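Worksheet: the structure to be examined is printed underneath.
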Amino acid sequence: MAKNLIAYYSRKGQNYVNGDIKNLAKGNTEIIAEFIQKAVGGDLFEIDTVKEYPIDYTECTVVAKEELNQKLRPELKNYLDSIAEYDTIFLGYPCWWGTMPMACYTFLEHYDTAGKKIVPFCTHEGSGMGGSEKEIKKTCPKSQVLSGLAIHGAEASNSESAAAAWARKAI
(Lines give C-alpha, C1' and ligand atoms only; values in the text may rest on other atoms or scores of the structure.)
Protein backbone atom coordinates (compact mmCIF):
# COMPACT_ATOMS: atom_id res chain seq x y z
CA MET A 1 0.00 0.00 0.00
CA ALA A 2 1.28 3.46 -0.88
CA LYS A 3 2.50 5.57 1.99
CA ASN A 4 1.64 9.27 2.19
CA LEU A 5 3.55 12.18 3.65
CA ILE A 6 1.64 15.38 4.31
CA ALA A 7 4.31 18.07 4.65
CA TYR A 8 3.12 21.61 5.18
CA TYR A 9 4.15 25.10 6.14
CA SER A 10 1.44 27.08 7.92
CA ARG A 11 1.29 30.46 9.62
CA LYS A 12 -0.41 30.82 13.00
CA GLY A 13 -1.05 34.22 14.54
CA GLN A 14 -1.65 37.30 12.43
CA ASN A 15 -3.02 36.50 8.98
CA TYR A 16 -4.86 38.37 6.26
CA VAL A 17 -8.45 37.11 6.18
CA ASN A 18 -11.12 38.61 3.92
CA GLY A 19 -9.49 42.04 3.95
CA ASP A 20 -8.70 42.18 7.67
CA ILE A 21 -5.79 41.09 9.84
CA LYS A 22 -6.95 38.37 12.23
CA ASN A 23 -5.18 36.30 14.84
CA LEU A 24 -5.45 32.57 14.04
CA ALA A 25 -4.81 29.95 16.72
CA LYS A 26 -4.08 27.42 13.95
CA GLY A 27 -2.87 28.26 10.46
CA ASN A 28 -5.22 27.63 7.54
CA THR A 29 -2.80 25.32 5.74
CA GLU A 30 -2.41 23.17 8.86
CA ILE A 31 -6.18 22.75 8.98
CA ILE A 32 -6.23 21.48 5.38
CA ALA A 33 -3.23 19.20 6.06
CA GLU A 34 -5.14 17.57 8.92
CA PHE A 35 -8.21 17.09 6.70
CA ILE A 36 -6.01 15.37 4.10
CA GLN A 37 -4.45 13.09 6.72
CA LYS A 38 -7.90 12.16 8.02
CA ALA A 39 -9.08 11.35 4.48
CA VAL A 40 -6.14 9.34 3.11
CA GLY A 41 -3.88 8.59 6.05
CA GLY A 42 -0.19 9.27 6.24
CA ASP A 43 2.35 11.09 8.33
CA LEU A 44 2.11 14.81 9.05
CA PHE A 45 5.30 16.86 8.96
CA GLU A 46 5.35 20.56 9.76
CA ILE A 47 7.89 22.58 7.82
CA ASP A 48 9.16 25.19 10.26
CA THR A 49 12.02 27.66 10.02
CA VAL A 50 14.81 28.18 12.55
CA LYS A 51 14.48 31.95 12.20
CA GLU A 52 10.93 32.89 13.05
CA TYR A 53 8.99 35.25 10.85
CA PRO A 54 7.82 38.52 12.39
CA ILE A 55 4.63 38.25 14.43
CA ASP A 56 3.24 41.31 12.64
CA TYR A 57 1.57 40.18 9.40
CA THR A 58 2.72 43.14 7.31
CA GLU A 59 6.32 42.77 8.51
CA CYS A 60 6.14 39.06 7.68
CA THR A 61 5.11 39.86 4.10
CA VAL A 62 8.11 42.16 3.74
CA VAL A 63 10.48 39.43 4.93
CA ALA A 64 8.80 36.85 2.69
CA LYS A 65 9.20 39.12 -0.34
CA GLU A 66 12.90 39.71 0.48
CA GLU A 67 13.43 35.94 0.73
CA LEU A 68 11.73 35.42 -2.63
CA ASN A 69 13.63 38.22 -4.38
CA GLN A 70 16.95 36.91 -3.04
CA LYS A 71 15.96 33.26 -3.63
CA LEU A 72 16.91 32.46 -0.03
CA ARG A 73 16.50 29.02 1.48
CA PRO A 74 15.73 29.47 5.17
CA GLU A 75 17.10 26.78 7.46
CA LEU A 76 14.49 24.41 8.82
CA LYS A 77 14.18 23.37 12.47
CA ASN A 78 13.73 19.70 11.60
CA TYR A 79 14.14 17.33 8.70
CA LEU A 80 12.89 13.81 8.21
CA ASP A 81 15.69 11.24 8.20
CA SER A 82 14.47 10.10 4.80
CA ILE A 83 11.47 10.29 2.49
CA ALA A 84 12.32 6.98 0.80
CA GLU A 85 9.34 5.19 2.36
CA TYR A 86 6.81 7.65 0.90
CA ASP A 87 5.21 7.26 -2.52
CA THR A 88 3.11 10.41 -2.37
CA ILE A 89 4.02 13.76 -0.86
CA PHE A 90 1.17 16.17 -0.26
CA LEU A 91 2.89 19.56 0.02
CA GLY A 92 0.93 22.37 1.63
CA TYR A 93 1.64 26.07 2.02
CA PRO A 94 0.09 29.51 1.97
CA CYS A 95 0.53 31.25 -1.37
CA TRP A 96 2.99 34.08 -0.68
CA TRP A 97 3.86 36.50 -3.45
CA GLY A 98 2.50 34.16 -6.11
CA THR A 99 4.36 31.04 -4.99
CA MET A 100 5.12 28.96 -1.93
CA PRO A 101 7.19 30.21 1.02
CA MET A 102 10.91 29.76 0.48
CA ALA A 103 11.00 27.24 3.35
CA CYS A 104 9.09 24.84 1.08
CA TYR A 105 11.89 25.11 -1.48
CA THR A 106 14.35 24.31 1.32
CA PHE A 107 12.29 21.22 2.14
CA LEU A 108 12.02 19.97 -1.46
CA GLU A 109 15.67 20.60 -2.30
CA HIS A 110 16.84 18.72 0.80
CA TYR A 111 15.49 15.38 -0.45
CA ASP A 112 15.70 13.20 -3.53
CA THR A 113 12.13 13.38 -4.81
CA ALA A 114 12.78 11.38 -8.00
CA GLY A 115 9.93 8.98 -8.67
CA LYS A 116 7.70 10.55 -6.02
CA LYS A 117 4.22 11.86 -6.65
CA ILE A 118 4.00 15.43 -5.36
CA VAL A 119 0.52 16.78 -4.73
CA PRO A 120 0.51 20.49 -3.86
CA PHE A 121 -2.19 22.28 -1.92
CA CYS A 122 -2.33 25.85 -0.76
CA THR A 123 -4.38 28.38 1.09
CA HIS A 124 -4.71 31.88 -0.28
CA GLU A 125 -6.68 35.09 -0.09
CA GLY A 126 -7.26 35.47 -3.81
CA SER A 127 -4.18 34.30 -5.69
CA GLY A 128 -5.01 30.61 -5.98
CA MET A 129 -1.95 28.43 -6.63
CA GLY A 130 -0.07 31.33 -8.22
CA GLY A 131 2.93 29.91 -10.07
CA SER A 132 3.75 27.35 -7.39
CA GLU A 133 2.88 24.24 -9.43
CA LYS A 134 5.26 25.32 -12.19
CA GLU A 135 7.95 26.06 -9.59
CA ILE A 136 7.55 22.63 -7.98
CA LYS A 137 7.90 20.97 -11.39
CA LYS A 138 11.08 22.98 -11.99
CA THR A 139 12.44 22.15 -8.52
CA CYS A 140 11.54 18.44 -8.74
CA PRO A 141 11.90 17.54 -12.44
CA LYS A 142 12.05 13.79 -11.80
CA SER A 143 8.80 13.77 -9.82
CA GLN A 144 5.22 13.51 -10.97
CA VAL A 145 3.59 16.78 -9.91
CA LEU A 146 -0.20 16.64 -9.91
CA SER A 147 -2.59 19.57 -10.19
CA GLY A 148 -2.96 21.30 -6.89
CA LEU A 149 -5.83 22.30 -4.67
CA ALA A 150 -6.25 25.97 -3.75
CA ILE A 151 -8.50 26.75 -0.80
CA HIS A 152 -9.48 30.29 0.12
CA GLY A 153 -7.91 30.72 3.56
CA ALA A 154 -11.05 32.16 5.12
CA GLU A 155 -12.88 28.99 4.06
CA ALA A 156 -10.27 26.50 5.31
CA SER A 157 -12.18 25.31 8.35
CA ASN A 158 -15.26 24.63 6.18
CA SER A 159 -13.37 22.76 3.44
CA GLU A 160 -13.03 19.26 4.85
CA SER A 161 -15.23 17.54 2.28
CA ALA A 162 -13.57 19.32 -0.69
CA ALA A 163 -10.06 18.61 0.62
CA ALA A 164 -10.90 14.97 1.36
CA ALA A 165 -12.46 14.31 -2.05
CA TRP A 166 -9.49 15.94 -3.82
CA ALA A 167 -6.93 14.00 -1.76
CA ARG A 168 -8.66 10.67 -2.40
CA LYS A 169 -8.52 11.31 -6.17
CA ALA A 170 -4.80 12.11 -5.96
CA ILE A 171 -3.71 8.77 -4.54
Side-chain angles (χ1 to χ4, degrees), residues 1-13 15 24-50 52-53 64 73-96 99-125 127-171:
M1 182 173 191
K3 187 154 186 196
N4 303 316
L5 173 64
I6 303 106
Y8 67 93
Y9 176 83
S10 192
R11 180 173 167 84
K12 300 173 187 74
N15 275 273
L24 304 180
K26 183 182 281 195
N28 293 323
T29 308
E30 182 177 7
I31 291 169
I32 302 301
E34 290 173 349
F35 290 158
I36 291 168
Q37 183 190 39
K38 184 177 173 185
V40 298
D43 297 329
L44 279 175
F45 179 78
E46 182 176 10
I47 299 168
D48 197 8
T49 56
V50 170
E52 294 188 14
Y53 288 98
R73 299 299 188 259
E75 185 180 347
L76 303 184
K77 285 184 182 178
N78 297 301
Y79 293 91
L80 295 163
D81 291 335
S82 170
I83 62 166
E85 67 185 290
Y86 300 105
D87 302 298
T88 302
I89 301 167
F90 288 91
L91 179 66
Y93 46 87
C95 190
W96 285 2
T99 190
M100 57 190 169
M102 300 312 285
C104 293
Y105 289 90
T106 303
F107 174 82
L108 288 174
E109 292 169 358
H110 183 79
Y111 301 103
D112 178 5
T113 61
K116 305 289 182 194
K117 186 188 311 182
I118 300 176
V119 190
F121 64 98
C122 79
T123 55
H124 66 93
E125 282 299 311
S127 60
M129 296 295 294
S132 62
E133 292 165 305
K134 184 174 87 173
E135 291 298 319
I136 294 169
K137 288 176 183 176
K138 196 183 313 180
T139 303
C140 304
K142 295 181 180 177
S143 301
Q144 177 188 9
V145 181
L146 301 186
S147 293
L149 173 70
I151 299 279
H152 185 245
E155 303 300 320
S157 60
N158 298 320
S159 299
E160 183 170 7
S161 60
W166 170 82
R168 285 187 197 105
K169 284 183 187 177
I171 55 169

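Keep in mind the model is a prediction, meaning the values are calculated, not measured. Only this structure's heavy atoms are used, side chains among them; waters, hydrogens and symmetry mates stay out. The first residue in the sequence is number 1, and the count goes up from there.
Within the 4.5 Å cutoff, the side chain of Ile6 has heavy atoms near those of the Phe121 side chain. Residues Ile118 and Leu108 have side chains in contact (heavy-atom distance under 4.5 Å, counting atoms from C-beta outward). Counting heavy atoms from C-beta outward, Phe107 and Thr113 have side chains that stay 4.5 Å or more apart. The shortest side-chain heavy-atom distance between His110 and Leu76 does not fall under the 4.5 Å cut-off. Side-chain contact between Glu30 and Lys12 is present, with at least one heavy-atom pair separated by less than 4.5 Å. Between Ile36 and Tyr8 the shortest side-chain heavy-atom distance does not fall below 4.5 Å.
Of the inter-residue distances, the one linking Ile89 atom CD1 with Leu80 atom CG reads 9.0 Å to the nearest 0.5 angstrom. Taking CG from Leu149 and CZ from Phe35, the interatomic distance works out to 11.5 Å, rounded to the nearest 0.5 Å. Between Ile151 atom CD1 and Thr29 atom OG1 the span is 10.0 Å, to the nearest 0.5 Å. Between the CE atom in Met100 and the OH atom in Tyr9 there is a gap of 13.5 Å [rounded to 0.5 Å]. The CZ atom of Phe45 sits 11.0 Å away from the CG atom of Leu91 when rounded to the nearest 0.5 Å.
At least one donor-acceptor pair under 3.5 Å links the side chain of Glu133 to the backbone N or O of Gly148. No donor-acceptor distance shorter than 3.5 angstrom exists from the side chain of Asp43 to the backbone of Leu5, with no hydrogens or angles considered. When atom types are taken as modelled, the side chain of Lys117 and the backbone of Ala170 share a donor-acceptor pair closer than 3.5 angstrom. Using a distance-only test at 3.5 Å, with no hydrogens or angles considered, no donor-acceptor pair links the side chain of Thr49 to the main chain of Pro74. In terms of modelled atom types and a separation under 3.5 Å, the side chain of Asn4 and the main chain of Val40 share a donor-acceptor contact.
Take Tyr111 and apply the side-chain hydrogen bond (donor to acceptor under 3.5 Å, both in side chains) test, not counting sequence neighbours, and it matches no residue. In this structure, Glu75 has no salt bridge (Lys or Arg N to Asp or Glu O under 4.0 Å) partners at least two apart in sequence or on a different chain. In this view, Gln144 satisfies the side-chain hydrogen bond (donor to acceptor under 3.5 Å, both in side chains) rule with no residue, not counting sequence neighbours. In this structure Glu125 satisfies the salt bridge (Lys or Arg N to Asp or Glu O under 4.0 Å) test with no other residue, sequence neighbours excluded.
Evaluation of the side-chain hydrogen bond (donor to acceptor under 3.5 Å, both in side chains) test over residues 157-171, restricted to residues two or more places apart or in two chains, returns Lys38-Glu160. Listed by first then second residue, pairs satisfying salt bridge (charged side-chain N to carboxylate O under 4.0 Å, His left out) with a partner in residues 135-146 read Glu135-Lys138, not counting sequence neighbours.
Between Cys104 and Ile47, the shortest heavy-atom distance links the atoms SG-CD1, 4.3 Å. Of all heavy-atom pairs spanning Ser143 and Ala114, the tightest one is OG-N, 4.1 Å. Heavy-atom minimum distance, Met129 versus Ser132: O-OG, 2.7 Å. When all heavy atoms are compared, the tightest approach of Ala163 to Ile32 is CB-CG2, 4.2 Å. Taking each heavy atom of Ser127 and Cys95 in turn, the nearest pair found is OG-SG, 3.4 Å. Thr88 and Val119 make their closest contact through CG2-CG2, 3.7 Å (heavy atoms, listed as atom of the first residue, atom of the second, distance).
For Glu85, the CD atom is densely surrounded, since the number of other residues' heavy atoms within 6.0 Å is greater than 12.
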